[in-house]
2 protein chains.
Amino acid sequence: MQESYLRELLKVDEQEIRLTEKQANILAAAIEIFAEKGYAATATSEIAKRAGVAEGTIFRHYPAKKDLLLAIVKPGVLKLAVPVFASNMVENIFNREFHGIDELLRTFIYNRLDFARQNVAILRIVLQEFAFHPEIKMIIEESFLEQVYPRIKQTVIGFQEAGLLKEMPIKTMVRCIVSPILGFIVTRFLLNPDAEWDEAQEVEHLIDFILKGIEA
Amino acid sequence: MQESYLRELLKVDEQEIRLTEKQANILAAAIEIFAEKGYAATATSEIAKRAGVAEGTIFRHYPAKKDLLLAIVKPGVLKLAVPVFASNMVENIFNREFHGIDELLRTFIYNRLDFARQNVAILRIVLQEFAFHPEIKMIIEESFLEQVYPRIKQTVIGFQEAGLLKEMPIKTMVRCIVSPILGFIVTRFLLNPDAEWDEAQEVEHLIDFILKGIEA
DNA sequence: TCCTTTTGTGAGTGATTACTCACTTATCAT
DNA sequence: ATGATAAGTGAGTAATCACTCACAAAAGGA
């Protein structure tokens, strides 16, 4: 894991984060082991060992083990959620030209697919640990309920008013759209990552499936 | 948690299982705490405490902590997977009379929904722990790949040959069918169990969504 | 009743845990 | 170069961990 990658991932606010080599090693080792065996089953001594660092060094930078987890998960969740409908996505499609729902779905799916591809370990950690740590649950709820859901909702309502989508409660529709996508991402990267995947074909089937299910 | 319920749940083979009150208490306590805080974060001392039992009693019946986990998870997975297309389900629809795919989906969804409702804790444990324990993963893979998947596959092929389903790789189609159902079950019982759910309406939307997405 | 087997006990064990702290080393502005 | 601050160290600590074992109580068959 590259230090520059970590620095970019962990940058939550706009302020730059400086990482010494050892600090980057700690984060990289923690991400690896947390993803492998889970937070609770991971010993700080093991993280220190894999990072090539004294155990005290970890606690120099993170007051407690849980702070290390949050330092990984927090920016992970934010990067996972925030850019979903970011900058040149919804805006492009809505304000400039309209390529249809399938084009929007395609952009959305490939965007999150690529994110998942580059962050499998963190994805795994988030999925595994959010159930047990209220802090993580709160971060997810905040970023999802405040960033992701409203934008999807707004988009869906827009299409609904244009008469392109069938009548369905927004939450139900969002779940119907997100579930198969998440289902694909999870099987693709977590459940069966070693299978041979015809990703383009899968995505097209996915788009067709979702589209048929939601259009008027 | 009732002793009779536990005895029924844990019955994997046909042989009856006798449980003393203390044994039932241990299992009930373990299910509770494992679901609450995860396997690795659960101390055997805590299980003993909540079960009202000496710590030694746990190890009298389960050689190691992991055996206690497996004693809970194994029958849970089997009951979750095996009866999916059991006895009077596929057979009824195929051999006797044909009520259409929607009727099949409806039966399937309500069946698994009711199972989830009665086994939320175990469902949570399985979902949380299978990633870290190869034994659990194997049990799931075996029961899914040998029991569930072939039956769904057979059913799907049947409908496909009748010209009722669109062309799509079987695995992709199964995933497209299962993902939204699982998505609903997970949000219904794990993510947002306290919300007010119009279950019947949700199920009908779900059926309509899936159906439109897969039919020719 | 008596003997055998099963079930239950709880103090005890060594290993491991997250975390501390007095200390050394490196970084950097002046 | 010098002093101040930050980064890094590793032996040490109390608590907790999963698990053991010698023993007691209960159950069950004769």
Side-chain angles (χ1 to χ4, degrees), chain A residues 3 6-7 10 15-34 36-73 125 128-129 132-136, chain B residues 3 6-7 10 15-34 36-73 125 128-129 132-136:
Chain A
E3 190 265 342
L6 281 171
R7 205 174 53 217
L10 301 182
Q15 57 198 5
E16 272 289 331
I17 293 177
R18 295 193 168 281
L19 288 179
T20 65
E21 201 190 322
K22 306 229 165 191
Q23 283 168 38
N25 288 346
I26 291 173
L27 285 166
I31 290 174
E32 269 182 42
I33 310 181
F34 284 163
E36 271 171 35
K37 43 205 292 191
Y39 169 78
T42 301
T44 50
S45 61
E46 196 183 350
I47 299 173
K49 201 173 173 184
R50 191 175 303 190
V53 150
E55 209 176 337
T57 311
I58 294 176
F59 292 95
R60 159 94 26 217
H61 298 286
Y62 306 96
K65 189 187 165 190
K66 189 160 224 166
D67 295 304
L68 176 56
L69 174 68
L70 292 179
I72 291 167
V73 161
I125 297 173
Q128 289 297 337
E129 302 301 333
F132 303 131
H133 309 271
E135 309 94 326
I136 299 181
Chain B
E3 190 264 341
L6 281 170
R7 205 176 51 217
L10 302 182
Q15 59 199 4
E16 272 290 330
I17 292 177
R18 296 195 167 278
L19 287 179
T20 65
E21 201 191 322
K22 306 232 164 189
Q23 283 169 36
N25 288 346
I26 291 172
L27 285 166
I31 291 174
E32 269 183 42
I33 311 181
F34 284 163
E36 272 171 34
K37 43 204 293 189
Y39 169 78
T42 300
T44 49
S45 61
E46 197 183 347
I47 298 173
K49 202 174 173 183
R50 192 175 302 190
V53 150
E55 210 176 339
T57 311
I58 294 177
F59 291 95
R60 158 91 32 213
H61 299 285
Y62 306 96
K65 188 188 166 190
K66 190 160 222 167
D67 296 305
L68 177 55
L69 174 69
L70 292 179
I72 292 167
V73 161
I125 297 174
Q128 290 297 337
E129 302 301 334
F132 303 130
H133 308 271
E135 307 94 327
I136 298 182

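By convention in this document, chain letters (A, B, ...) are assigned in the order of the sequence lines, proteins followed by strands, and residues within each chain are numbered from 1.
- Judged purely by atom type and a 3.5 angstrom limit, B:T42 uses its side chain to pair as donor or acceptor with the backbone of B:G38.
- Residues A:L69 and A:I136 form a side-chain contact, since some pair of their non-hydrogen atoms from C-beta on lies under 4.5 Å apart.
- With sequence neighbours left out, A:H61 forms a ring-ring contact (aromatic ring centres under 6.0 Å, His included) with no residue at all.
- For DNA chain C, the contact window with chain A, defined by any atom under 4.0 Å from a protein heavy atom, covers C:dT17 to C:dA22 in 5' to 3' order.
- The only option from A:I31, A:I125, A:L68 that meets the side-chain contact (heavy atoms from CB on, under 4.5 Å) definition with A:V73 turns out to be A:I125.
- Under the rule for a ring-ring contact (aromatic ring centres under 6.0 Å, His included), the partners of A:Y39 that lie at least two apart in sequence or sit in another chain are A:F34, A:H133.
- Under 4.0 angstrom from either OP1 or OP2 of D:dA6 there lies no side-chain N or O belonging to A:H61.
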Handout entry: nucleotides 10-27 of chain D: protein proximity per nucleotide (B base, S sugar-phosphate only, - neither; heavy atom, under 4.0 Å)
Key = B------SBBB-B-----

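- Among pairs with a residue in residues 54-63 of chain B, none fulfils salt bridge (charged side-chain N to carboxylate O under 4.0 Å, His left out), at least two apart in sequence or across chains.
- The CZ atom of B:F59 sits 4.0 Å away from the OG1 atom of B:T44 when rounded to the nearest 0.5 Å.
- A:K66 meets the salt bridge (Lys or Arg N to Asp or Glu O under 4.0 Å) test with A:E135; sequence neighbours excluded.
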